[in-house]
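So the structure is just underneath, and the comments pick up after that.
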Amino acid sequence: MENAEVARVLGEIADLLELTGGNAFKVRAYRRAAQVIDVHPGSISELCREGRVAELPGVGAHIAAKIGELVETGECREHARLSALVPPGVLDMLRLEGIGPKTVEAVWKTLGITDVAALEAACRSGRVLDAAHVGPTRARAILGAIERQRGRAGRMLLHRALGYAAPILERLRTVPGVRRAEVAGSLRRRKETIGDLDLLVASDDAAPVVRAFTGLSGVTAVLAEGPTKASVRLRAGIQADLRVLAPGSFGAALHYFTGSKSHNIAIRTRAMKRGLKISEYGVFDRQGRVIGGAAEEDVFRAVGLPFIPPELREGMGEIEAAEAGRLPRLVEESELLGDLHVHSRASSDSRSELAEIAASAGTLGRRYVAITDHSRARPLGLDAPRLAEHAAAIRALDARLGGRPHLLAGVEVDVLPTGALDLPEEALAGLDCVVASIHSHLADPAARNTERIVRALRSGVVHVLGHPTGRQLGTRDAYALDLERVLDVAREEDVALEVNAMPERLDLTDAGCRAAKAAGVPVVISTDAHDATQLANLRYGVWVARRGWLEAKDVLNTLPLAELRRRLRRRGATARTAPGR
DNA sequence: GCCGTTTTCGGCCCGACTGTTTTCAGTCG
């Protein structure tokens, strides 16, 4: 069973407990375990089989047992028991922004509203005002939340989609006759959200592949089934589409089904001008003879272009760039030498020891890691004396590690609503890596948010602007911001923008990366790991950067440590030569 | 239900903000 599925069930147990008056701390425990599992880079099923799932932070004996049950049987009795107490639509209401368990419980129990549609009707008719703590403002807010949720409906976060696709591919590859099985579509382009899973298989014998696909254990409904294609609905609520093609057509099909649509149109138009025809079955000349199709490269070669990586195929100028020989050489995960935003147990929301982080980072081949815990505006955050102590501890361990990996002393300092930093400049000036982030007052207007960030960038002590837009995929939009202005100031002040690799953030966005590059502002790609195991999530950030056309030279943490230090120190130099700022 | 340099019981982040109330509950970060 996939991590996403385990996390979903645990998260639902938390929701159901909350709606049925369960202990709030128990609710929190389930929620935390779900979160940890959701972003865990390895396979939970495997960890479970090794009997090691309780080693994860937030997973104890009881939750480990439930995970075991889930992995073994695909079911969880506790989940089933609670589900029987709550109508299914009630959980959907809980997903609405600005509505919590109390409000949902109130409209459900006092008004008998059990789904979003009924809630919407009650908001429009005014009946919802009969529920406790719901007035006209909140009724309007609910309608807005329903509207926004609709806009996001049906899409799934990239890391979850990959989690669902991987075991399906694995299974399909075991079917006799299968040569290749790959994801296509937006999943292969590494888009941040995925509508449905597109899967492609190369085989001369399609029937057993289709049978294996429709017979997968996660399938709840077979929507269509033919000789070479099938569509199913998965337990996760998303659709998966399978196409089976002859190996000689696989490259052409992979290109066609990877898209995007506008990219495909541009390629096919080019082919037409050359008297060629490209379809999912291959590349054909004027006489209709096959001149390629087994490999994706055949398609590009036919239209006189070099291979264009899937992440660039959005019809955003990649064909023109390829034509002119100006395709970027996209940054690769292996080129990233370090991670510049990692939390240790000095942050209230992380439990990892410095030594654990160092060990995990070393295993992943990172040469340096910046420990950047929260400042005092966050619960239990570091004040200046504790930060100094913490930095000393980091440096002491760094000395013992002898560079395997190097530990950098840093901080994630809050940018207060005024734009002032949450710690005095003297406390920050000596640190190796200062990440400044916004965590509060997210609803302020663009002008105020922009000036707030600008002031922080002008402080002279900030190296990196953390998760610059504040969005959380599927739950929270980016705060209003004039990104152009932020980029202008970042360039002036020599501050890098972060690509936060947390799967639910991915912030900067791909478009933001492109804007940063255009503005001449470097980025850093960091995990924001809240547990040592999350250090492996760097790849999600790399994909965003690739979609944003970034090359290694645009990403500061591809630099060897000595060079990185020089780049970061320049920041401090600015501060020293410009007193009074 | 988890967790432990205050360790096997008894805590578990807590303040700001908002809208609904009439002194506070719910939500969020």
Of A:S440 and A:R138, the one whose closest nucleotide on DNA chain B sits nearer the 5' end is A:R138

For the side chain of A:F25, counting heavy atoms from C-beta on, which of B:dC12, B:dG26, B:dT20 is nearest?
B:dC12

If the [atom1] atom of [N] is compared with that of [M], how far apart are they to the nearest Å?
| N | M | atom1 | result |
| --- | --- | --- | --- |
| B:dC28 | B:dT20 | P | 15 Å |
| B:dG4 | B:dC13 | P | 13 Å |
| B:dC12 | B:dT6 | P | 15 Å |

Integer-rounded Å distance: [N] [atom2] and [X] [atom1]:
| X | N | atom1 | atom2 | answer |
| --- | --- | --- | --- | --- |
| A:I142 | B:dT20 | CD1 | C1' | 13 Å |
| A:N23 | B:dG11 | CG | P | 14 Å |
| A:R345 | B:dC3 | CZ | C1' | 10 Å |
| A:L129 | B:dT21 | CG | C1' | 14 Å |
| A:R32 | B:dC3 | CZ | C1' | 10 Å |
| A:R31 | B:dC2 | CZ | P | 15 Å |
| A:W108 | B:dG26 | CH2 | C1' | 18 Å |
| A:E18 | B:dG1 | CD | C1' | 14 Å |

List the atom of A:S526, the atom of A:H341, and the distance in Å for their closest heavy-atom pair.
CB-CB, 3.4 Å

May I ask you to test the A:P503-A:N537 pair for a side-chain heavy-atom distance under 4.5 Å?
yes

Would you indicate whether the side-chain heavy atoms of A:T527 and A:Y540 approach each other to under 4.5 Å?
no

Identify the nucleotide, in any strand shown, that forms a Watson-Crick or G-U wobble pair with B:dT8, with both distances under 3.5 Å; if there is none, say none.
none

Can you run down the ring pair (Phe, Tyr, Trp, His ring centres under 6.0 Å) pairs that involve residues 374-431 of chain A, sequence neighbours left out, and say none if there aren't any?
A:H343-A:H374, A:H374-A:H439

Which part of the nucleic acid, if any, lies within contact of A:V59, taking any heavy atom under 4.0 Å across all strands shown: a base, the sugar-phosphate backbone alone, or nothing?
sugar-phosphate

Determine the contact category for A:A24: base if any of its heavy atoms lies under 4.0 Å from a base atom, sugar-phosphate if only primed atoms, P, OP1 or OP2 are that close, otherwise nothing.
nothing

Quick one: is A:K66 getting a side-chain N or O under 4.0 Å of the B:dG1 phosphate, OP1 or OP2?
yes

Determine: side-chain N/O of A:T137 to OP1/OP2 of B:dT18, distance under 4.0 Å, yes or no.
no

With sequence neighbours excluded, residues passing salt bridge (Lys or Arg N to Asp or Glu O under 4.0 Å) with A:R8:
A:E5, A:E12

Check nucleotides 14-17 of chain B for protein N or O atoms closer than 3.5 Å to its own N or O atoms and list the pairs.
from	atom 1	to	atom 2	distance (Å)
B:dC17	OP1	A:H441	NE2	2.7

Using a strict threshold of under 4.0 Å (side-chain N to carboxylate O), is an ion pair present between A:R505 and A:E498?
no

Taking only Lys NZ, Arg NE, NH1 and NH2, and the carboxylate oxygens of Asp or Glu, determine whether A:R81 and A:E78 approach each other closer than 4.0 Å.
yes

